[in-house]
Amino acid sequence: MDRRVFLVLLLAGCADTSTNAPLSPSTAAPTPLGPAPMPPAPKPVTAGGDINFDAWLAAFKQRALAAGLSQALLDRELNGVTPDPKVVSLDGRQPEFSKPVGDYIKGVISDDRVAVGQGKRETLTFLPGVESRYGVPRDILLAVWAMESAFGKLQGSFDVVRSMASLAADGRRRTWAEGELIAALKIIDSGEATRAQLRGSWAGAMGQTQFLPSNYLTTAVDNDGDGHRDIWGSDSDSLASAANLLKKGGWKPGVGWAKEVILPAGFDYSLAEGPREIPSWWEALGVRRADGLPWTAADAASPAGLILPAGAAGPAFLALPNHFAIRTYNNSTSYALGIGLLADRFAGGGPLVASWPVETPLSLADRMAAQIALSRLGFDPGPADGVIGAGTRKALRAWQQDRRLPADGYLSSDMVARLKAQAGIG
C-alpha cells in the first residue's frame with residue numbers, strides 16, 4: 001500500500017462492488033434509400049462512440065504493438081470497449097470531508113475483524129512457511145488481507161481492462177494507466193488469467209490482496225504449487241504474494257514496524273517527520289516507550305522517525321523501517337498505522353496508551369483554504385488541492401514555528417481558523 005495513494009482515504013478493507021455495464025459494439029448505420037450497392041467486406045468494430053476515447057485508443061494500439069503485444073490480442077480485448085464514466089468520476093473526486101485519523105483507526109480495528117484475524121492466524125497452515133520464506137510476520141499479512149479485501153470477500157467488480165483504458169483516455173494519469181493496461185493485457189495473453197478474472201477496484205487493484213496488474217506480473221507467486229499465481233481464489237498465493245511485495249519494498253525481518261511513545265513536556269514537535277535516528281537518540285531527548293518495555297536489539301539498532309498522526313494532542317509513534325515498507329502498499333501514514341496496529345491486535349496486543357482526540361472532519365473547502373492561506377503567508381504547501389500531504393505539513397510546521405505554536409504540522413479545525421484569519425480569507 002503508493003500502491004494505492006489513493007487507498008488511505010477510504011475505510012480499509014472495502015472494495016467497490018458496482019457492476020460494469022456490458023461492452024457494446026457501435027450502432028450500425030441506417031440502410032440508404034434506393035438501390036443498395038454491394039456492401040464492402042465487414043471490418044472489426046473499433047469505435048465506441050466517444051471521439052476522444054476512440055482517438056486515444058487508436059494511438060494506444062500503436063504504442064501497445066511497439067511494446068510487443070499482438071494485433072489479434074488488441075483487437076480481441078479492446079475493440080468495442082467504451083469508457084466507464086464512473087471510473088473517471090471516482091478518479092477526479094476528492095472526498096468532501098476528511099476522516100480524522102482516530103476515527104479511521106477505530107474503524108479499522110473492530111472486535112469482529114480482530115476475532116476473524118486471530119482465528120485465521122491459528123488455522124492457516126501455510127503461514128509459517130510464508131513467514132520463513134519472506135521474513136514478514138503472519139500478523140502483518142493478515143492485516144493487509146483484512147484491510148484490502150475483508151479477508152478475500154470484497155475484491156471489487158470493475159473490469160480492470162476497461163478501467164485502465166478509461167483512466168488512460170482521460171489523461172490525468174495517462175502514462176501510469178497505459179502501463180497498467182499493457183500489464184493487464186500481458187496477463188491475459190500469458191493465459192495466467194482470463195479477462196473475466198481481471199476484476200478489481202475502479203483503480204485497477206485486483207484480487208484478495210489488491211495487486212495492480214504490474215505488481216502481479218513482477219511479484220505474485222504460486223505458493224500452493226498448483227502451477228498458477230492465483231491471487232483471486234487462493235489464500236496461500238494471495239498472502240505469499242503480499243509478503244513478496246513487502247519484502248521487495250524493504251521489509252526487514254526481525255525488526256518492528258513502530259512503537260507508541262510518550263513525549264516529555266516542552267518537546268520540540270517540529271522533529272516530527274524529520275530525522276530518523278536510533279531509539280537511544282530519541283531517549284536522550286526524553287522520549288520513552290509507552291509500554292515501558294525495553295527495545296529489542298534489532299529495533300535498538302534501527303533508525304526511527306517520529307510521527308504524530310493526530311498532532312500534539314494524539315498518540316505519538318517512533319516509526320521503524322518496516323512502517324515505510326508497509327507504505328509500499330499505500331503511501332499513507334494512516335494506512336500503515338492501521339496495518340501495524342491491527343497486526344498488533346491479532347498477536348494479542350492491547351489498545352494504545354494515549355487516546356485519539358475527538359475531532360471535527362475537515363471539509364475539502366477548509367483544507368484548500370488552509371493551503372491557500374499558507375501560500376499567501378509565504379509558506380509554500382504546494383498546490384491547493386485539499387490533499388494534506390508532506391508538503392502541506394512541512395509548510396504548516398514552519399508557520400506554527402513562526403507563530404510560536406506547537407509545530408506538530410497537524411491541520412486541525414483550530415489551525416484552519418487561525419490560518420484563514422491571518423491570511424484574510426473569509
Side-chain angles (χ1 to χ4, degrees), residues 2 4-11 88-107 170-173 203 263 266-274 305-317 327 330-338 354-426:
D2 183 323
R4 312 165 317 268
V5 72
F6 31 105
L7 284 162
V8 75
L9 296 175
L10 300 175
L11 276 180
V88 176
S89 174
L90 287 168
D91 186 54
R93 183 185 303 168
Q94 280 281 358
E96 180 57 32
F97 289 93
S98 176
K99 181 185 287 292
V101 62
D103 292 346
Y104 173 85
I105 296 297
K106 291 172 186 175
D170 183 58
R172 191 176 75 84
R173 296 188 287 165
L263 306 179
F267 184 79
D268 181 5
Y269 293 106
S270 68
L271 293 172
E273 294 186 288
L306 178 68
I307 55 175
L308 302 171
F317 302 86
R327 287 166 66 167
N330 186 323
N331 191 22
S332 158
T333 299
S334 296
Y335 177 87
L337 279 173
S355 300
W356 295 104
V358 176
E359 301 179 84
T360 301
L362 294 179
S363 69
L364 176 60
D366 275 345
R367 301 196 305 273
M368 294 177 67
Q371 292 171 322
I372 292 169
L374 283 167
S375 183
R376 287 186 184 179
L377 295 169
F379 302 90
D380 181 17
D385 55 8
V387 177
I388 308 304
T392 300
R393 293 193 295 271
K394 181 179 179 180
L396 180 56
R397 274 192 291 271
W399 175 80
Q400 289 170 326
Q401 285 181 306
D402 185 68
R403 301 294 297 170
R404 298 187 178 181
L405 297 168
D408 59 6
Y410 186 67
L411 188 64
S412 64
S413 56
D414 176 61
M415 287 298 106
V416 171
R418 288 173 182 250
L419 284 166
K420 290 169 68 175
Q422 187 175 355
I425 297 175

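Start at 1 with the first residue, then count along the sequence.
- For the atom pair L411 CG and E359 CD, the distance stands at 10.0 Å (nearest 0.5 Å).
- Qualifying side chain to side chain contact (heavy atoms under 4.5 Å, CB included) partners for P406, counting only residues two or more places apart in sequence or in other chains: Y269.
- At a threshold of 4.5 Å between non-hydrogen side-chain atoms, the residues L308 and Y410 do not count as touching.
- The heavy-atom pair separating P361 from F97 by the smallest distance is O-CD2, 4.0 Å.
- R404 is linked by a side-chain hydrogen bond (donor to acceptor under 3.5 Å, both in side chains) to nothing, counting only residues two or more places apart in sequence or in another chain.
- Here the closest non-hydrogen pair linking Q400 and G409 is OE1-N, 2.8 Å.
- A distance of 13.5 Å separates CG in L362 from CE in M368, rounded to the nearest 0.5 Å.
- L396 places none of its side-chain heavy atoms less than 4.5 Å from the side chain of F379.
- Taking all atoms of both residues into account, the shortest heavy-atom contact from P315 to P309 is O-CD, 3.6 Å.
- In this view, R172 and D91 satisfy the side-chain hydrogen bond (donor to acceptor under 3.5 Å, both in side chains) rule, not counting sequence neighbours.
- Qualifying salt bridge (charged side-chain N to carboxylate O under 4.0 Å, His left out) partners for D414, counting only residues two or more places apart in sequence or in other chains: R418.
- In terms of heavy atoms, D408 sits closest to A312 at OD2-N, 2.7 Å.
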* To do: Give the intermediate values and the outcome of side chain to side chain contact (heavy atoms under 4.5 Å, CB included) for residues L377 and D402.
  => CA-CA 11 Å; L377 295 169; D402 185 68; over 6 Å; no
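- Here the CG-OG distance, from L419 to S375, works out to 11.5 Å after rounding to the nearest 0.5 Å.
- Under the 4.5 Å side-chain criterion, counting only non-hydrogen atoms from C-beta, V101 is not in contact with T333.
- Counting heavy atoms from C-beta outward, I105 and S334 have side chains that stay 4.5 Å or more apart.
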Please output the side-chain donor-acceptor pairs of residues 382-393 that fall under 3.5 Å, not counting sequence neighbours, one pair per line with the distance.
from, atom 1, to, atom 2, distance (Å)
D385, OD1, Q371, NE2, 3.4
D385, OD1, V387, N, 3.0
T392, OG1, Q371, NE2, 3.1
R393, NE, E273, OE1, 2.7
R393, NE, E273, OE2, 3.2
R393, NH1, I388, O, 3.1
R393, NH2, E273, OE2, 2.7

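- K420 is linked by a salt bridge (charged side-chain N to carboxylate O under 4.0 Å, His left out) to D366, counting only residues two or more places apart in sequence or in another chain.
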